[in-house]
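For reference, the structure discussed in these notes is given below.
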Amino acid sequence: MTAPSIEIQVRSLERRFREGEREHVVLDDVDLEIRRGETVALRGRSGSGKSTLLNLIGGIDTPNAGSIRVADTDVTALSERERTLFRRRHIGFVYQAFNLVPTLNVADNIRLVLELNGVKHASADVRIAELLDAVGLGDRGASYPDVLSGGEQQRVAIARALSHQPAVLLADEPTGNLDDQSAEIVLALLDELVRSMGGTMLIATHSNSVASYCDRVIELHNGRFESDTTT
Amino acid sequence: MIPVTHRASLSYLLRHPWQLLLALLGVAIGVAVIVAVDLANSSARKAFLLSMDAVTGEATHQIIGGPAGVDENVYTELRVRHGIRSIAPVVEGTVFADERRLSLLGIDLFAEGELRSFTTDASAGDDDSGVEALFRSLLTEPGAVVASASTVERLGIMIGDPVEIIAEGRAHSATLVAVFEDAGGIDDLLVVDISTAQIWLGRIGRLSRIDARLTDDEAVERLEEVLPNGNRLLNAAARTRTTADLSNAFMTNLTAMSLLALLVGLFLIFNSMSFSVLQRRPLIGVFRALGFTRRQLLTMLMLEAAFIGAVAALLGVLLGIVLGEQLLALVSRSINDLYFRVSVTSVDVELLTVLKGFAAGIGAALLASAVPAIEATSYEPRLAMTRSSLERRARSALPLLAIAGVATMVGSAAVLAGSGSNLVAGLAAVFMLILGFALCVPLFVRVAADLLANFAGRLAGTTARMAISGIAAGLSRTAVAIVALAVAVSATIGVSVMVDSFRSSVGDWLEQTLQADIYVGVDRGSMDLELVQDISALDGIVEVSTSRRAWLESEAGQTQLAAIRMAPGSYAGTEILDADPAEVWPAWERGDVVLVSEPYGFHSSVGPGDVILLPTDQGDREFCVAATFQSYDVNSSAVMMSRATYDRHFADDGVDAIGLYLAPDVDADTMISAIDTLGAGRQTLRIASNVSIRRISLEIFDQTFIITDVLYWIAMGVAFIGILSAMLALLLERIREFATLRALGMTPAQVGGLISAQTAVIGLLSGVAAIPLGAAMAWVLIKVINRRAFGWQIDMVVTADVLVVAIGFAVLSALLAGIYPALRAARLHPAAAMREE
Ligand SMILES: Nc1ncnc2c1ncn2[C@@H]1O[C@H](COP(=O)(O)OP(=O)(O)OP(=O)(O)O)[C@@H](O)[C@H]1O
Ligand SMILES: [Mg+2]
């Protein structure tokens, strides 16, 4: 095998939501393949199903039909518990709203994920220091999230999402709450860290500058992929 | 058209049905307990007043005599020689029919006239009707009795049926000749002709009292002039009132308990109301930005609180009525055992009680919402408060709160020290103590949670740290729940320590006071004197003591008198508290010297060396108080007199009970059956060894405290709901946080465990906080409230198991309350939860 292997493989994926009587098809027979190490921007109008797709790939939602393979695992065949354990090990999430745990300081927010993955305290300390240095917050380990700026919080969230070196990073509008300058810093960081890890990244976004960082841009429209461009 | 703000608030309430339900429940339970206790107390009291009314009838005054009652001749003299018409003789007592305790009222139908209304509307059967027939049968048929329809129904008899009546331990055959219609206060009452009553109650030639209807002062004066010495003319209404007042302390205690339940309920209301305000902070910001004034928004929130308060109060009143019926049975049983006869079958809902309930409910809801509402509307609209900056604000207020709390507790101590023997002030001090303590709890929670979080973080990892620091982080939420649980648990500690201490004092006292080997008496009545002699003469009996209890009455009130003929062994049974027994006893046996019980001394402020005035057969006489003695008797406010002194001042040879001291080799059970045989056919005696009296007394003691038990379980229930609602509130607020944790790879069990750990620590903190408060409450209940209510001195006994049980109970109830929130957090669908903002 010479070609890089496929990290994310989506087949005939369908996701519908019931709203009272009506049924609302958000994803309609979607197919998608993303190679290991690729970074992909996922675009589409608001409500087009970007977040839904990320949630399905990350295993916090289940499809009505179709299958998803991530890192050689058929996520759709897993039980709830298995999906959780899979996610814990292989997936990193970054959200628009940062979603740090407010009662834990910056270091402990990261430690939480390391502990879930069974990393011992001493090696966790080393890893946390590395990560915080990498995101430029080496001196903020003891701070609580509510005293950080939005950009800083998002950098912590990135450090947390990458702490256990997941195969796949899923980012849902990571710069949506940030000003242009902070957004730029965050994107550059994401790009650099994920690539250096050799990870695969899928970013849902409206922003053109985000797309410019990615290897590929795919467009979601009416529940299907409209276009797929390699940059 | 409803204004849009009100529509917004209404739709908010309806869209959070759980929250609404908990707020309603909090107010409703608090109100229900208040209403229930109020109803039970007032119904019991009212029933008593009604029955007094029915029995007293139109009489304005009553002529009473000494312990042996009024001589029959006094009545004849008054009527025949002095021509006083509006008087009627009465003989009263307690009898038993079919094991039921009944009041016996013996009246003279000729003299009755208009005095008592129920005797004029009785019917004696189908063919034979009217008052005349009733007269005829009451007078001509020996043992003819009349009773109310419901009494008759309860006894399961019909007109013409024979009934066996036990009076003074002797059986008599009676016949039901007529039934009168049910009316207030005449339940469990048998009416007979006066001579029948005299025979049954062993009061030949004596009357319990003479009822009189005196319409002007002149008539009163005239009667007083001709009244022989030793008899007194008393105002009937005043007399009824002083009797009813006997149970005041008991009822005050119950009311205090119900206020405690409301207090715990208040925390619950505060929790739910403040939560619903906090949650709408962003919405309030939007309204402010749109141009609504602070006042408009405040009005909206307060109206909402008033609305919730009113709906909940309605529920609470209904619930309270149901609860009140249950409680009434317990209350009237206690009153019957301790104070006077009441027979109540249904609660009587008074408007005042209902109004009280509504005022408490709406007031509590307004009070609980005012603080968060004022706070939430006080910000500049653009200042979008985040949860964490809000908590920071709350945190900075903690030291201030604690200082206010300490000040309140100091105030409570000052009230205690400066209020003499005032019971109400004592209760107020208890509430100040609780309030002051409650204000200090949040600071304690914060410090304790911070310490514990560090410790747990090191020991069990970041998840454990997160669980515990979540308590301190959500302080505005958790502290209220912890305070509510701590107050409820401390109340259980306080009350159980009090009951335990009380019980052990009573146990010791019974041990000491029951010196004789066997006690013999009659159920409600005097002993046959010949029988007493025969028993005393039995082989194997070395010494005999006798006792007689009498109520002395004068304008000043009622005094219980115990006349004792001591056996040599009896003296040790009375503990002299404040004098040398070796000097006290000889003086007591010889002169006009009495001992007073501790409660009597406390309430009347008399001690050794003081002189008290007692109404004797020769008029009011002075007696010197030699000392105070210990007594935990149910009606323990009493004066103790030697039998010799009693005989000098009262023409009464009655004996209520005797104590028998056996020779060393005599078996108590053998002696008991010998006495039983001796009494057979003469009088049904109550014979008991000192051991069994002690056991039965403690059983009665325990029964009396069932009410306290019921109330504190209710307080615990309210606290339980408090934790449940606090945890649900936290859950709702932090749903995104939990969803994030799930996305990061925490399993549902881990998330659920997080909440359970949190509630367990909440329970633990509450339990720990409850201990000092509970101990302080116990101390105040024992040393202040009991002392002021009953005059008893009780030694405080604290056992470790009370404390362990309290902490265990706090943790367990918190864990139980956390189950549902934990399940909900575990079942949370992370993708859907993430979408919620
Ligand atoms: N749990 C749900 N229940 C009902 N409808 C849902 C649910 N989740 C998503 N939807 C619907 O699915 C559609 C896609 O939602 P999704 O959040 O994936 O869009 P999006 O592309 O991420 O939009 P945005 O750019 O605004 O974030 C929307 O119409 C939304 O209403
Ligand atoms: Mg989205």
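Naming convention: chains lettered A, B, ... in sequence-line order (proteins, then strands); numbering from 1 in each chain.
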Contacting region of [X] [heavy-atom separation from chain B under 4.5 Å]:
X        : result
Ile91(A) : neither
Arg81(A) : side chain
Tyr95(A) : side chain

Donor-acceptor contact present, side-chain [X] to main-chain [Y], <3.5 Å:
X         : Y         : answer
Asp31(A)  : Ser12(A)  : yes
Asn55(A)  : Ile60(A)  : no
Gln154(A) : Pro174(A) : yes

(message) Counting C-beta onward and ignoring hydrogens, is there a side-chain heavy-atom pair between Met466(B) and Leu754(B) closer than 4.5 Å?
(response) yes
(request) Decide yes or no for Ile471(B) and Leu452(B): does some side-chain heavy atom of the first lie under 4.5 Å from some side-chain heavy atom of the second? (result) no
(request) Under 4.5 Å, heavy atom to heavy atom: which of residues 156-165 of chain A reach chain B? Give them by number, or say none. (result) Arg160(A)
(request) Write out all pairs satisfying ring pair (Phe, Tyr, Trp, His ring centres under 6.0 Å) with one or both partners inside residues 728-753 of chain B, taking only residues at least two apart or from two chains. (result) none
(message) Quick check on the interface: out of Asp61(A), Leu116(A), Val113(A), Asp172(A), who has the most heavy-atom pairs with chain B under 4.5 Å?
(response) Leu116(A)
(message) Per the salt bridge (Lys or Arg N to Asp or Glu O under 4.0 Å) rule, what does the pair list look like for residues 86-103 of chain A, sequence neighbours excluded?
(response) none
(message) What I want to check is whether the side chains of Asp108(A) and Thr462(B) have a donor and an acceptor closer together than 3.5 Å.
(response) no
(message) Holding to ring-ring contact (aromatic ring centres under 6.0 Å, His included), I want the full list of residues that pass it with His90(A), two or more places apart in sequence or in another chain.
(response) Phe86(A)
(message) If you count heavy-atom pairs within less than 4.5 Å of chain A, which of Gly745(B), Gly461(B), Ala453(B) leads?
(response) Gly745(B)
(message) Quick check on Thr740(B) against chain A: is it the side chain, the backbone, both or neither that has a heavy atom closer than 4.5 Å?
(response) side chain
